[in-house]
Amino acid sequence: MKITFYGHACFGVEMNGKNLLFDPFITPNKKAKEIDINNIKADYILISHAHGDHIADVEAITKNTGAQIISNFEIVNWFSEKGIEGHGMNFGGFYSFDFAKVKMCSAIHSSSFPNGDYGGNPGGFIIQGDDSCFYYSGDTALTYDMKLFGEMNDFDFAFLPIGSNFTMGIEEAVKASQFIQCDNIIGMHFDTFPPITIDKQEAKNAFEAKGKNLKLIEIGASINI
Ligand code: NI
Ligand code: MN
């Protein structure tokens with residue numbers, strides 16, 4: 001599976017011939033200025049919550065690609081008024097898409113749109129494919145719910161925030177990786193803004209000390225998992 005980092009909490013994931021894009025925030029992100037959103041492929045855009053640093057480029061990329069959005073009911077309704085098609089969900093069970101089964105799961109955060117509109121509850125995604133399973137937590141604090149996600153799923157890897165202040169920091173993310181019983185963590189939501197600047201080596205060491213592997217992908221780079 002190919003994973004590309006577009007900065008902040010935005011990743012492209014190729015799965016079963018489909019291109020998934022998570023939480024696009026690229027054109028306002030100075031750290032991602034080398035990324036041209038016109039070159040991003042997307043069949044589906046998965047949106048964890050309504051904050052600007054997760055939805056900034058949804059409209060432009062759906063116009064370019066015709067991608068459908070997958071998010072909570074309120075966010076999908078909000079975008080449908082702009083003519084963007086999507087599939088609304090809420091917390092509960094899986095829905096089968098043509099690339100994998102997707103479940104929306106809880107996150108401890110908030111979810112208002114930049115203009116103040118109600119964005120439903122913030123969430124994360126559990127993606128269960130034929131031969132791979134991963135977790136994209138979205139912005140969240142550490143929560144005991146993650147223990148349940150780990151009991152019910154066999155995650156190959158997970159995207160977790162590590163920047164602190166708005167989300168989990170390194171210490172909480174290490175504990176989260178234990179709760180979800182996953183050894184391969186891809187870090188997100190760090191270094192974009194001054195309050196979430198981290199020491200990358202310290203972060204890697206903290207995970208390694210618990211037998212976990214933290215991957216920090218360069219913006220614009222891809223890895224294969
Ligand atoms: Ni947020
Ligand atoms: Mn955020």
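Numbering of ligands and ligand atoms starts at 1, following listing order.
- Ser132 pairs in a side-chain contact (heavy atoms from CB on, under 4.5 Å) with only one of the listed residues (Asp156, Asp154, Val13), which is Asp156.
- Between Ile170 and Phe190 the shortest side-chain heavy-atom distance does not fall below 4.5 Å.
- Judged by the 6.0 Å and 45° rule, Lys212 forms no cation-pi pair with Phe207.
- Salt bridge status for Lys63 with Glu59: present, with a side-chain N to carboxylate O gap under 4.0 Å.
- Taking the Ni ion (ligand 1) as reference, Asp139 places its N/O/S atom OD2 nearest.
- Taking the charged nitrogens against the carboxylate oxygens, Asp98 and Lys18 do have a contact shorter than 4.0 Å, which makes a salt bridge.
- When the N, O or S atoms of His109 are ranked by distance to the Ni ion (ligand 1), NE2 comes first.
- Residues Asn19 and Tyr44 bring no donor and acceptor atom of their side chains to less than 3.5 Å of each other.
- For the Mn ion (ligand 2), protein N, O or S atoms closer than 2.8 Å were enumerated as Asp53 OD2, His54 NE2, Asp139 OD2, His189 NE2, with waters left out.
- The Ni ion (ligand 1) has no N, O or S atom of Asp53 under 2.8 Å away, backbone or side chain.
- A donor and an acceptor atom, one from each side chain of Thr167 and Asp139, are nowhere located under 3.5 Å apart.
- Side-chain contact check for His8 and Thr192: at least one donor-acceptor pair (N or O, by modelled atom type) lies under 3.5 Å.
- Per residue His51, closest N, O or S atom to the Ni ion (ligand 1): atom name ND1.
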